[in-house]
Structure formats: C-alpha cells, structure tokens
There are 2 protein chains.
Amino acid sequence: MKFSKATNYALHTMLSLVIDPSMKPVGVQVLAEAQDVSPTYLSKILTKLVKAGMLESVSGANGGYRLTRKKDEITFLDIIHAIEGTASLFECHFDHGEECLIQQVMVEAETKMELHLKQTKLIDLAAKMKAHV
Amino acid sequence: MKFSKATNYALHTMLSLVIDPSMKPVGVQVLAEAQDVSPTYLSKILTKLVKAGMLESVSGANGGYRLTRKKDEITFLDIIHAIEGTASLFECHFDHGEECLIQQVMVEAETKMELHLKQTKLIDLAAKMKAHV
DNA sequence: GCGTGATTACTCGGATACAAGATGTCCGAGTTTGAGCGG
DNA sequence: CCGCTCAAACTCGGACATCTTGTATCCGAGTAATCACGC
C-alpha cells in the first residue's frame, strides 16, 4: 500500500510543465534529467498522461510533451488516477450476503482523501513556489 | 496502490472477534474457514496484530486468539497500521532544496483518510449489523 | 534561391529483463489440555 | 482415587515456493525539422 514512484515522476513532471511559461513542447530527455530517471521509462509514464488527455505529444525534431488543458484545471487526483487507475483502493471479494460494511467504511475514507486531491491544483503549488522565492 | 488482501483478512477477523460475545480464544482454523483462507497464512497475519497489542494468542489445546483491549477501543486505523505499516503512502526522495510541496499535499490528503479510519471503530459496525437483523 | 532527398532529433509501442513485495505452503518446535494407565 | 505419562490439539517462527506488480531497458518504426546538394 504505497503510491508508486511513477506517480511521483508524473506529478513532478506535470508541475514543471505548469511552471514553464512557454507552451513549447519539452523533450522527454530534459524532463528525465531533471528527475534523474531514464528517458524511456519516463516516456512510458507520460503516455499514460497523454491517454488521460492532459498532455499531448509532439513527435519529430524539437518534439516533446505539452499541456493540453488550461493550467488551472489540472488537479492532483487527475494525475494520480491516470497513473494508478481509478479502481477502489479496497475491495472485499467475500460473499457475506449483503454489502460489506467494512468495505463501506474504507471507501468513505478513500473518498475523503480523494476530495482533498481533487481540490488541490498544480497551479496552486506553482503560485506558492513563486511567493517563496 | 491497493490495500492488501491481508488487511481485508485482518479486518474481517477482528470484526468477528468483536462480535463474538464469549471472550474465549478462537482457533485459527475456525477463523480461517469463515474467510476461506489457509490457516497458516492467516496465523501469519494475526501475529502482526498480536505484536501490535490488540490480540493475544493462547497456545496449547483449546488455544487460539483473543482480544486484549476493550472492544470499543479498536479502530480501523489500528488494524491497518499493524498490517500495512505506518509509513507515509507517498515519499519524495528528491533533492529539490527545501521540502517537497507535492509531498506536503499528498500527506495532507492521507491524513484526511486516516482521520476517518481513526474515528471509526469496529464496535460501530457490530452495532449496525445487529440493528440490521 | 529553391526544391528534393538524406540526416538528425525526436516520440511510440511492444518485447523483454529484473527486483521486490504479496501471497501462500511446509515443517519442526514449543505448550497446554485431557485422556489413559498404573499404583 | 490420585498422580504420572503420553497423545492430541493447538500456536509460533523460519524457510521456502510462487505470482503479481513495479521498475527499467532495448530496439525497431514512424514523424517532423533541418541540413546538404544539385539545379
């Protein structure tokens, strides 16, 4: 029960793209170097974000990845769901007749976490970082 | 990023012990049958709960597992922490100078989930089940 | 100067390798209960 | 009837075996920009 490193890479990559004022595509090599990951692995992660519709990839020379949505629409939850999947964190596969009460409690707890992640946007962090400098 | 099956087994086992009015030790075989798990595997899980101090094991004939604390003191979070560990779900190992803002957001979200799990006690479910019958 | 082709700098996707953790099994050792047996 | 011994019913703990998942690499294919070259 841990968030994967891939999620960490995805969040940091998205944040750096949000901070970057120029909307030009950024090569995966540049992004990978900043986080000390192999470019090929990072590209695998980023294709998930592309499929989720929050990035687009520009192929060819001077290609790379670029944001599609407006910066203030991207929440933590979007990114996490794109990488980790949207399935519930806890699933009881038992057959104790009706609904599993334990499952209900777990889902409630999970929902509270997701609410916080849905309310927090990447642009909020960008603003905070600027203020700090 | 999923809760392990072991957590599910642990929660169900604890719940059935809380419901059971007699405070006699219950053999692992009985507990395992109810959940369709192998007894040896379940005992591995339960020893974690013993080490966490919420169960005690009685060895020998007619032995088994028994609650140590009062029933209304056992929260979901206690059990989950005993099985999954208490480490943070998200850890950024990067060196971007100061504290990682992303990490902060993730920890805040996690804290909200934990708060709900800490407030919910097994005895609450037991009461709900009785009412439902 | 201008088109055309080759080169270069990229991403994409699949196949594969590797490591770690979750899941589960097996077995020997220790512990208590209870039954059986001898005095 | 009492006490001793022994078997049975348990848990405990470590050592394995297996399976899934996360992490990561490699390579061939496709694509767009740029450079080189010939006209």
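Note that this is a predicted model, so its numbers are computed, not measured. Lettering of chains follows the sequences in order, A, B, ..., and the numbering in each one begins at 1.
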Every protein N/O lying under 3.5 Å from an N/O of nucleotides 10-16 of chain D:
| unit_1 | atom_1 | unit_2 | atom_2 | d |
| --- | --- | --- | --- | --- |
| D/dT11 | OP1 | B/V28 | N | 2.5 |
| D/dT11 | O3' | B/S57 | OG | 3.3 |
| D/dC12 | OP1 | B/S57 | OG | 2.1 |
| D/dC12 | OP2 | B/Y65 | OH | 2.0 |

Q) Judged by atom type as modelled, is there a donor-acceptor pair below 3.5 Å linking the side chain of A/T111 to the main-chain atoms of A/V107? A) yes

Q) Rounding to a whole Å, what distance do you find between A/K48:NZ and C/dG14:P? A) 13 Å

Q. Rounding to a whole Å, what distance do you find between B/L42:CG and C/dT25:P?
A. 12 Å

Q.
One thing to verify: whether A/K118 and A/D78 come together as a salt bridge, which I'm taking to mean a side-chain N less than 4.0 angstrom from a carboxylate O.
A. no

Q: Using atom CG of A/L49 as one end and atom C1' of C/dG13 as the other, report the distance to the nearest whole Å.
A: 16 Å

Q | Value in whole Å for how far the C1' atom of C/dG24 lies from CG of B/D36 | A | 13 Å

Q. Which atom pair, heavy atoms only, marks the closest approach of B/F94 to A/Q35?
A. CE2-O, 3.2 Å

Q: Return the value, rounded to whole Å, for the distance between atom NZ of A/K5 and atom P of D/dT25.
A: 11 Å

Q.
Can you measure A/Y41 atom OH to C/dT11 atom C1' for me and round it to whole angstrom units?
A. 18 Å

Q. Does B/S38 make a side-chain N or O approach to OP1 or OP2 of C/dT25 shorter than 4.0 Å?
A. yes

Q: May I ask you to decide whether B/K2 forms a salt bridge with A/E91, counting only side-chain N to carboxylate O separations under 4.0 Å?
A: yes

Q) To the nearest Å, how far apart are B/I83 CD1 and C/dT23 C1'? A) 13 Å

Q.
Which residues pass the salt bridge (charged side-chain N to carboxylate O under 4.0 Å, His left out) test with B/E73, not counting sequence neighbours?
A. none

Q. Expressed in angstrom and rounded to an integer, what is the separation of B/Y9 atom OH from C/dA22 atom P?
A. 14 Å

Q) So which of B/M106, B/M113, B/E108 actually passes side chain to side chain contact (heavy atoms under 4.5 Å, CB included) with A/H116? A) B/E108

